Amino acid sequence: MGVEAERLRAVGIDPLLPAVPTRSADAELTDLYREHAPRLVRVAAAITLNLSLAEDVTQDAFIGLQRRFETVEHPVAYLQRSVVNLSLKVLRRRKVAERYPTPVVDVSLEPEVAEAWVAVVRLPARQRVVVALRYWHDLSEAEIVDYLGWPAGTVKSTLHRALKRLKEEIEL
């Protein structure tokens with residue numbers, strides 16, 4: 001046992017227990033939540049098509065960050081990847097729900113926009129993620145690559161396939 005461990009044990013602190021986050025870490029986590037949670041909920045909602053589920057996914061991402069806060073180098077990037085990964089995980093676990101028709105939300109009074117929304121809702125989750133980030137959040141392909149941590153080719157091909165599928169569906 002090292003000198004520091006002996007000193008901690010002498011004052012009644014077990015050196016094997018994880019360190020409790022400092023007040024500054026709690027304050028920083030609170031600031032991150034206030035600044036990024038609304039945007040992350042919208043991203044999760046675009047993937048899951050369920051606002052309540054999106055809020056749960058976002059909360060789970062923040063809980064994961066809180067557990068690892070002292071070791072995470074880039075907390076915003078961690079949160080973004082976590083929200084996307086957790087959203088996709090939820091969808092994989094809810095395959096049974098895909099057997100039932102998805103209720104379509106009327107997002108606009110314009111028929112063209114409503115028709116496009118219906119087509120976007122029918123896209124597979126990964127394609128829906130890329131379309132939502134590109135056209136709802138106005139991210140460039142390079143920004144989507146950074147946001148998702150996917151290879152550039154994967155983002156481009158996924159977006160291409162999604163747009164092709166949307167075009168085919170809307171033209172029918």
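Given the structure is predicted, the values throughout are model-derived calculations rather than measurements. The first residue of the sequence shown is numbered 1, and numbering continues consecutively from there.
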May I ask you to test the [X]-[Y] pair for a side-chain heavy-atom distance under 4.5 Å?
| X | Y | result |
| --- | --- | --- |
| Y135 | V130 | no |
| W136 | R42 | no |
| P75 | H36 | no |
| K156 | H160 | no |
| V76 | E35 | no |
| T154 | P151 | yes |

Looking only at heavy atoms, what is the nearest atom pair of [X] and [Y], with distance?
| X | Y | value |
| --- | --- | --- |
| V131 | A162 | CG2-CB, 3.6 Å |
| R165 | P124 | NH1-CD, 3.0 Å |
| E143 | D138 | OE1-O, 4.1 Å |

[Y] backbone acceptor or donor facing [X] side chain under 3.5 Å:
| X | Y | result |
| --- | --- | --- |
| R128 | A46 | yes |
| T158 | V155 | no |
| E169 | L166 | no |

In terms of hydrophobic clusters joined by side-chain contacts under 4.5 Å, are V120 and L51 together?
no
If two hydrophobic side chains count as joined below 4.5 Å and joins carry through other members, does V129 share a cluster with L163?
yes
Using the test side chain to side chain contact (heavy atoms under 4.5 Å, CB included), find all partners of V90 that sit at least two apart in sequence or belong to another chain.
L53, V57, R94
Assess whether side chain to side chain contact (heavy atoms under 4.5 Å, CB included) is satisfied between V83 and Y147, documenting all intermediate values.
CA-CA 11 Å; V83 165; Y147 194 97; 5.8 Å; no
[X] atom [atom1], over 12 foreign heavy atoms within 6.0 Å:
| X | atom1 | value |
| --- | --- | --- |
| H137 | NE2 | yes |
| R161 | CZ | no |
| R67 | CZ | no |

May I have the step-by-step check of side chain to side chain contact (heavy atoms under 4.5 Å, CB included) for L32 and L65, ending in yes or no?
CA-CA 10 Å; L32 281 170; L65 175 62; 4.1 Å; yes
[atom1] of [X] to [atom2] of [Y]: how many Å apart, nearest 0.5 Å?
| X | Y | atom1 | atom2 | value |
| --- | --- | --- | --- | --- |
| T48 | L88 | OG1 | CG | 10.0 Å |
| D146 | L139 | CG | CG | 10.0 Å |
| S87 | D56 | OG | CG | 10.5 Å |

Taking the six-membered ring of W150, is NZ or CZ of R81 closer than 6.0 Å to its centre and within 45° of its axis?
no
Counterpart residues, ring-ring contact (aromatic ring centres under 6.0 Å, His included), relative to Y33 (two or more places apart)
F62
Report yes or no: do R122 and Q127 form a side-chain donor-acceptor pair below 3.5 Å?
no
Stepwise side chain to side chain contact (heavy atoms under 4.5 Å, CB included) check, R39 with Q80
CA-CA 10 Å; R39 178 180 53 82; Q80 292 175 166; 3.3 Å; yes
